[in-house]
Amino acid sequence: MTKRQHYVPQFYLNNFINENQKLNVYDRKKKCFFEASPKEICFENYLHETLWEDANPRLGKYILPNQIEKSLSVQESTYSAILKKVIGICKDPKNKHALICNLEDKQLLAKFVTNMIVRNPWVLNQVDEDCFSDGIMDNIEIQAIDQMLYGMQFGGTKSLVRAANKMVWLDDKFIPGQICEDLRCLNFCFLIALDNNFVTSSFPVLYETYDLEKHTYLDNIYIPLHPQIALLYSRADKFKPFRNKEASLTSDMVQLMNSAYFKCKDEQARFIIANSKEILEKLVNRHQ
C-alpha cells in the first residue's frame, strides 16, 4: 500500500526545486515559510482509497487497495515525459517563434491539465465524489443487488458505489472528457518569464468559467510548468497569434500571475511553492 498519496505529483513539483533539491514553501494557514522535498508535501494518507463498510474483515480495509494510485502512476509517466519535452523546447532560444506541440502533444497536455484539476482534494470535495445518494436504494433492482452483496459478505452496495465514483472520476480511461475537449478548443500558449520566476501552489491550476444555457464552460486556464514557463489556455482572441507558441512576460506580468494564487481560499491553495526563497518572500510580503 502507498500510504502517502499525492494530489500534486512529485514529477511536477520536481520542476520547482532549488539548488538543495528542496521546495521553498509558504503555508498560508500557519503563515510560515519552510523547505520540503516533493515527497513531503501535497499528499494525504490513503486519499484515493475507499473503506469497506459492514463487509467481511477478510476482504481487508480498502476496496481494491492502490488501484487508483497505480493508475495515476502510469498516467504520470506519460505526463512527465510530455512536460520534459515541452520545457526542453521552450528553454531552447532557437525555438522562440516555433510551434511547440504536435497534435499528440496537445492532447496529452490537455489530459495532464485535466488530471491536475480533478485529482485535487478541493475539487473532489466540490463534486462530492465520495457521496452515495439514498435515492439509489429506492430502485427495486438495486435493493436486490444490495441483499445479494450482503449475503456474500460484501457489505452491500454503498462502499462499491463510492469506489466506482472515485474510479470514474480519477482513472485515465474515464477522466472527464468534456474538460479535455474544452481545453483543445481554446487558444493556448506558453508564457515565458523574462526576469522573474513563476510560483505554483498546492492547487496548481487556476481557471475561470462562465455559464451559458445551463452549461459551464472553461474561459481561462493557467498552470506554471517551470519557474520560467507557464501554460495558458484562453478563449480570448488576443492570444490567437501566440497559439502553440511562446509569449514573453515582463516581471510585472509574472508577478500578477503569481498573485492570482492569493485570490484562492486557503483550503484551496494552502501552500505557495517556489524555487526561489527571495521571490517567494517578496510575493508573500505584498499580500500580508
Side-chain angles (χ1 to χ4, degrees), residues 1-16 23 25 36-51 62-84 86 107-131 161-184 199-209 216 218 221-226 230-231 233 261 264-273:
M1 279 290 290
T2 301
K3 180 179 179 180
R4 291 184 173 185
Q5 300 184 349
H6 286 78
Y7 50 88
V8 180
Q10 294 180 66
F11 78 84
Y12 171 81
L13 294 172
N14 278 330
N15 292 330
F16 295 88
L23 302 165
V25 185
S37 66
K39 69 178 181 180
E40 296 170 333
I41 196 171
C42 299
F43 71 88
E44 289 186 12
N45 291 340
Y46 307 115
L47 173 63
H48 305 125
E49 308 304 328
T50 304
L51 290 168
Y62 300 106
I63 298 175
L64 298 176
N66 257 183
Q67 183 176 24
I68 292 176
E69 189 69 10
K70 290 176 182 177
S71 173
L72 289 174
S73 178
V74 173
Q75 296 172 50
E76 288 172 9
S77 297
T78 303
Y79 299 149
S80 177
I82 185 60
L83 284 201
K84 287 181 180 178
V86 166
Q107 294 172 339
L108 286 175
L109 276 179
K111 292 185 74 173
F112 162 69
V113 175
T114 303
N115 178 272
M116 293 288 277
I117 294 173
V118 302
R119 69 190 290 174
N120 196 280
W122 186 82
V123 172
L124 295 177
N125 288 333
Q126 301 303 304
V127 299
D128 201 13
E129 49 75 41
D130 199 32
C131 72
V161 169
R162 290 190 177 103
N165 284 344
K166 287 185 178 180
M167 181 63 68
V168 169
W169 187 251
L170 294 170
D171 191 277
D172 190 40
K173 296 187 291 293
F174 307 108
I175 199 167
Q178 188 58 51
I179 299 178
C180 289
E181 188 60 35
D182 286 350
L183 288 175
R184 288 196 289 264
V199 304
T200 187
S201 83
S202 50
F203 190 84
V205 184
L206 298 176
Y207 58 89
E208 296 175 329
T209 62
T216 299
L218 292 170
I221 301 91
Y222 163 81
I223 176 173
L225 306 179
H226 179 273
L231 174 60
Y233 290 88
Y261 286 114
C264 300
K265 297 178 180 179
D266 288 358
E267 61 267 25
Q268 180 180 358
R270 174 175 176 175
F271 301 117
I272 307 299
I273 301 167

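All figures in this text were calculated on a predicted structure; none of them were measured in a lab. Residue indices begin at 1 and follow the sequence shown.
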Check whether any side-chain heavy atom of [X] sits under 4.5 Å from a side-chain heavy atom of [Y], and report yes or no.
X    : Y    : value
V113 : Y207 : no
T2   : K70  : no
L218 : Y233 : no
E76  : L72  : yes

Euclidean distance, [Y] [atom2] relative to [X] [atom1], rounded to 0.5 Å:
X    : Y    : atom1 : atom2 : value
I273 : I41  : CD1   : CD1   : 4.5 Å
Q107 : E181 : CD    : CD    : 9.5 Å
N120 : L47  : CG    : CG    : 9.0 Å
Y7   : L170 : OH    : CG    : 14.5 Å
I221 : L231 : CD1   : CG    : 9.0 Å
Q67  : H48  : CD    : NE2   : 13.0 Å

Sub-3.5 Å donor-acceptor pair from the side chain of [X] to the main-chain atoms of [Y], do we have one?
X    : Y    : result
K166 : E49  : yes
N14  : Q10  : yes
Y261 : P204 : yes
S202 : F271 : yes

Q.
Would K84 and F11 count as a side-chain contact (heavy atoms from CB on, under 4.5 Å) here? Give the steps.
A. CA-CA 10 Å; K84 287 181 180 178; F11 78 84; over 6 Å; no
Q.
Test of understanding: with ring pair (Phe, Tyr, Trp, His ring centres under 6.0 Å), list the residues that count as partners of Y222, not counting sequence neighbours.
A.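 Ring pair (Phe, Tyr, Trp, His ring centres under 6.0 Å) check on Y222 returns nothing, list empty.
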Nearest heavy-atom neighbours spanning [X] and [Y]:
X    : Y    : value
V199 : P224 : O-CG, 3.1 Å
Q268 : F203 : O-CB, 3.0 Å
H6   : R119 : O-NH2, 2.9 Å
A110 : L183 : O-CD1, 3.5 Å
V8   : S201 : CG2-O, 4.4 Å
V118 : V123 : CA-CG1, 4.2 Å

Q | Intermediate values then yes/no, side-chain contact (heavy atoms from CB on, under 4.5 Å), R4 and N45 | A | CA-CA 5 Å; R4 291 184 173 185; N45 291 340; 4.0 Å; yes
(Q) With side-chain contact (heavy atoms from CB on, under 4.5 Å) as the criterion, how do L109 and L83 come out once you've worked through the C-alpha distance, each side chain's angles and the decisive distance to 0.1 Å? (A) CA-CA 8 Å; L109 276 179; L83 284 201; 4.1 Å; yes
Q.
side chain to side chain donor-acceptor pair (under 3.5 Å), that's the test. Do E40 and S37 meet it? Break it down for me.
A. CA-CA 5 Å; E40 296 170 333; S37 66; 3.2 Å; yes
Q: Tell me, with the steps shown, if I68 and T50 meet side-chain contact (heavy atoms from CB on, under 4.5 Å).
A: CA-CA 10 Å; I68 292 176; T50 304; over 6 Å; no
(Q) Below 30° counts as parallel, above 60° as perpendicular, anything between as tilted: where do the rings of F112 and Y12 land? (A)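 Answer is tilted, since the angle falls between 30° and 60°.
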Q: Check side-chain hydrogen bond (donor to acceptor under 3.5 Å, both in side chains) between R270 and all other residues, then give those that pass, not counting sequence neighbours.
A: D27
